[in-house]
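Worksheet: the structure to be examined is printed underneath.
Keep in mind it's a predicted model, so treat the numbers as computed, not measured.
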Amino acid sequence: MNKRVVVATGNAGKVRELSAALTPLALELVTQADLGVDPIPETASTFVENALAKARYAASVSGLPAIADDSGLVVNALGGAPGIRSARYAGEAATDADNNAKLLAALEGVEERTAYFTCCLVYLASEDDPAPVIATARWYGLIVDSPRGDNGFGYDPHFLLPSLGRTAAELPLAEKNRLSHRGQACRQLLGLLSRS
């Protein structure tokens with residue numbers, strides 16, 4: 001396996017989590033932003049299709065194996081929103097604060113707050129790899145109105161883990177990677193890649 005791999009994201013939070021979780025593979029992860037590669041539009045209707053498209057594009061322009069993550073928050077009371085539009089929920093240039101404000105406005109007066117984060121992680125050995133390695137996972141919790149914690153990114157300050165009594169943003173990185181959708185998907189990916 002080529003040890004230098006391009007990560008198809010410019011999201012520093014995702015890169016930090018992936019780097020920590022994939023340490024056993026001893027990969028040299030470089031982001032597409034490091035290589036001067038702009039992200040492609042996420043136009044697919046599923047997480048897996050978006051992840052595959054991002055990985056294929058990153059591999060094609062870099063000539064390197066690629067890892068892509070497409071993930072998001074699925075809120076049951078909102079019919080699955082923000083879903084695949086999680087990063088752009090409040091618009092194409094939305095900040096985390098914008099997205100969280102829109103989420104809380106949509107849930108105003110709603111008692112049913114169950115939600116889950118989902119992650120689809122894809123590894124391609126090359127741009128035309130006919131057998132991508134795909135790992136998926138979910139992380140269940142509840143949406144709370146008041147943000148808590150300074151760790152994490154995105155919706156983490158509002159994503160409560162009832163069994164811990166803490167939000168995702170209150171967890172240290174190592175604990176978050178042990179529990180989260182992305183951490184679970186990384187462990188699946190590690191297992192699958194170790195067999196290839």
Are Val48 and Thr136 close enough that some pair of their side-chain heavy atoms sits under 4.5 Å apart? no

CG/Leu73 to CG/Leu103 distance, rounded to the nearest 0.5 angstrom? 6.0 Å

Tell me which one of Gln32, Glu42, Glu49 satisfies side chain to side chain donor-acceptor pair (under 3.5 Å) with Lys54. Glu42

Would Leu192 and Leu124 show up in the same hydrophobic cluster when neighbours are defined by side-chain heavy atoms closer than 4.5 Å? no

Shared ILVMFWY cluster between Leu78 and Ile143, side chains joined below 4.5 angstrom? yes

Going only through I, L, V, M, F, W and Y residues with side-chain contacts under 4.5 Å, is there a path from Tyr155 to Leu142? no

Taking side chain as C-beta onward, heavy atoms only, is Leu64 less than 4.5 Å from Val30? yes

Could you tell me whether the side chain of Thr23 and the main chain of Ala20 form a donor-acceptor pair under 3.5 Å? yes

Between His158 and Thr167, is there a side-chain heavy-atom distance shorter than 4.5 Å? no

Arg166 bridged to Glu175 by N-O distance under 4.0 Å: yes

What distance do Thr9 atom OG1 and Leu18 atom CG have between them, rounded to the nearest 0.5 Å? 8.0 Å

Pairing residues for Phe117 by the ring pair (Phe, Tyr, Trp, His ring centres under 6.0 Å) criterion, not counting sequence neighbours: Phe159, His181

Work out which heavy atom in Asn99 is nearest to a heavy atom in Ala90; give both atom names and the distance. OD1-N, 2.8 Å

Which atom names give the shortest non-hydrogen contact between Asp38 and Tyr57, and what distance separates them? O-CE2, 3.3 Å

Would a hydrophobic clustering, with Ile, Leu, Val, Met, Phe, Trp and Tyr connected at side-chain separations under 4.5 Å, put Val7 with Val122? no

Can you tell me if Asp70 uses its side chain to pair, donor with acceptor, with the backbone of Ala51 under 3.5 Å? no

Any non-hydrogen side-chain atom of Ile67 less than 4.5 Å from a side-chain atom of Leu22? yes

Cys119 side chain near Gln184 side chain, heavy-atom distance below 4.5 Å: no

Starting from the C-alpha separation in whole Å, work towards a yes-or-no answer on side chain to side chain contact (heavy atoms under 4.5 Å, CB included) for Leu29 and Val15. CA-CA 8 Å; Leu29 298 181; Val15 173; 5.8 Å; no

Asp129 versus Ser126, side-chain donor and acceptor atoms under 3.5 Å: no

What I want to find out is whether Glu170 reaches Arg148 closely enough, with some N-O distance under 4.0 Å, to be called a salt bridge. yes

Among Val5, Val6, Asp34, Val37, the one residue meeting side chain to side chain contact (heavy atoms under 4.5 Å, CB included) with Ser62: Val6

Is Lys3 salt-bridged to Glu28, cutoff N-O under 4.0 Å? no

Side chains of Leu171 and Leu161 in contact at under 4.5 Å (non-hydrogen atoms): yes

Kindly compute the distance separating CG (Asn76) from OG1 (Thr114), expressed to the nearest 0.5 Å. 3.5 Å

Using a strict cut-off of less than 4.0 Å between a Lys/Arg side-chain nitrogen and an Asp/Glu carboxylate oxygen, indicate whether Asp156 and Lys176 qualify as a salt bridge. yes

Leu121 with Leu190, same ILVMFWY side-chain cluster at under 4.5 Å: yes

Check whether any side-chain heavy atom of Val75 sits under 4.5 Å from a side-chain heavy atom of Pro82, and report yes or no. yes

Heavy atoms only: give me the nearest Cys120-Ile134 pair and the separation to one decimal. SG-CG2, 3.9 Å

Just how far is it from atom OH of Tyr140 to atom CG of Leu179, taken to the nearest 0.5 Å? 14.5 Å

Quick one, Asn177 and Arg182 - any side-chain contact, counting heavy atoms below 4.5 Å? no

Considering all heavy atoms of both residues, which atom of Ala55 and which atom of Ala66 are nearest to each other, and what is their separation? O-CB, 3.4 Å

Rounded distance (nearest 0.5 Å) linking atom CG of Leu160 with atom CG of Asp145: 11.5 Å

What distance do Phe47 atom CZ and Thr118 atom OG1 have between them, rounded to the nearest 0.5 Å? 5.5 Å

